[in-house]
Amino acid sequence: MKKINVTSPSMPPMEEYFEEVKSIWENRWLTNAGPKHQILQKNLEEYLGVEHVELFANGHLALEIALDALGLKGEVITTPFTFASTTQAIVRNGLKPVFCDVEPKYYTMDPAKIEPLINEKTCAILPVHVYGNVCDVDAIEKIARKYNLRVIYDAAHTFGVKVGGRGIGAYGDVSMFSFHATKVFNTVEGGGLTFADDELVAKCKAIRQFGQKDETDVPYVGTNAKMTEFHAAMGICNLRHVEDNIRKRRQAVERYRERLCGVGGIRICTDQEGVQGNYAYFPALFDEKVFGKSRDDVAELLAQNNIFARKYFYPLTNTFACLGEGYSALDTPVAADIALHVLTLPLYADLELCDVDRICDIILG
Ligand SMILES: *Cc1c(COP(=O)(O)O)cnc(C)c1O
C-alpha cells in the first residue's frame, strides 16, 4: 500500500536545480548574501507584494531575531495554538508569553480576548496566521495602536497570501515566513522577515551575522542565521513553480471539501472573505458524539492504511513543561477544545485527487 504522509516537499526538476547552481562553481561564492541570495530576495519581494524581505537560515531564527531587534521587554500576548517555534522564540528572548484564546472558526487569535490581557508590562502581540488562515489584522492593529504595542506576525503558514490584494507580510511591524521543506514554498531550510518600515532592517541584518554592521562596527549581540547560496538557489527554482503548486493544492482542498462538507460531526475551514489563500493545510475537527469516530480513531484508521495525518496542533504550547508553573490549557478553552479534536489531513501539490478520495472513503467508511 502506498505511503501517504501529511505533507511531501515540493522540489523542482533535478536538472533545473543543477542548472541554477552551476554558476556557484564559477564564482565560488557559497554564502554571505551572494548573487543567488540577492536574486531570491528581489523575486520574493515581488511575489509577496512587500517592499523589503530579508532572508535567514530558517524561520525560527528569523523570528527570534525580529523580537530581539525590536528591543522588547516584558510580556508578549500570543496564541498557544501554533507550532512550538512561536512560543520558544518569545521565551528565548527573555520575554514572558501570555496566552490569548483563539476564535472557533479559523483558529486565529481572538481579538475580543486581547485587551483583558494587556497590562503595563505588555510590549507586543505575536499572533499566528495558522494553517494559512489570516488573523483579524485590522482589529489587532487597532488594539496595538491604542496601547502602543508592537505587532509581530508568525506568517510561517501564509506564504503568498493576500488580503484585499495586499501581501500579508505588509501587516504589523514585522512578519516571519518559513521556507522549511514542509511549507508551501521551501528553500530546504530557510526563512524571511518582511517589515512595515525599514527601521529594523539594518539591525536584523547585523544580528543575522554575529552582530556586525561591518568588520569593525559590532553594536549588537548577534548570531549566525545566514542563508547559503545553495538554499537560495533551491528557492529561486521552487518560486517558479509555486503558483502552479498552490493551484494543485487548491484542487485537493476542493475535493476534500466536496467529500467532507456537511458531514455531521466534521468541521472544516472555508475560504476567508477577501483573502487570496495558499491552501497550506487541511485541518478537520472530529466530534465523536456526532460523527461516531474520535480524532484519534480517525488518525489510527488512516495509519492502518499507511496514511499519516498529524495532530497539528496538539498539545497546545501553553502545556509545555519548559514554561514552568502558571500556565494551563484551561486558560484558553477554545484552543484546548480544537487541539483535542483536530487532525490535519495530507495535503501537498502532488497529492492525487484519487488519493484524496481514498482518504475520505476511509474516514467516512
Ligand atoms: C514552521 C513554523 C515555524 C518555524 O519555521 P522554521 O523555518 O521551521 O524554523 C514557526 N512557526 C510556525 C507556525 C511554523 O509552522
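Because only heavy atoms are used, hydrogens play no part in the values below, and waters and symmetry mates are left out as well, while side chains stay in. Both counts, for ligands and for their atoms, begin at 1 and track the order of listing. In what follows, residues are counted from 1 in the order of the sequence shown.
Taking a cutoff of 4.0 Å between a charged side-chain nitrogen and a carboxylate oxygen, E20 and R240 qualify as a salt bridge. Using a 4.0 Å cut-off between charged side-chain N and carboxylate O, E19 and K22 make a salt bridge.
For ligand 1, the 4.0 Å heavy-atom shell contains residues N58, G59, H60, T82, F83, S85, T86, D154, A156, H157, M176, S178, H180, K183, G190.
Judged purely by atom type and a 3.5 angstrom limit, N5 has no side-chain atom pairing as donor or acceptor with the backbone of T7.
Both tests hold for K3 against F308: distance to the six-membered ring centre under 6.0 Å, angle to the ring axis within 45°. A cation-pi geometry, defined here as NZ or CZ lying under 6.0 Å from the six-membered ring centre and within 45° of its normal, does not hold between R249 and Y281.
Residues in residues 320-347 take part in no salt bridge (charged side-chain N to carboxylate O under 4.0 Å, His left out) pair, two or more places apart or across chains.
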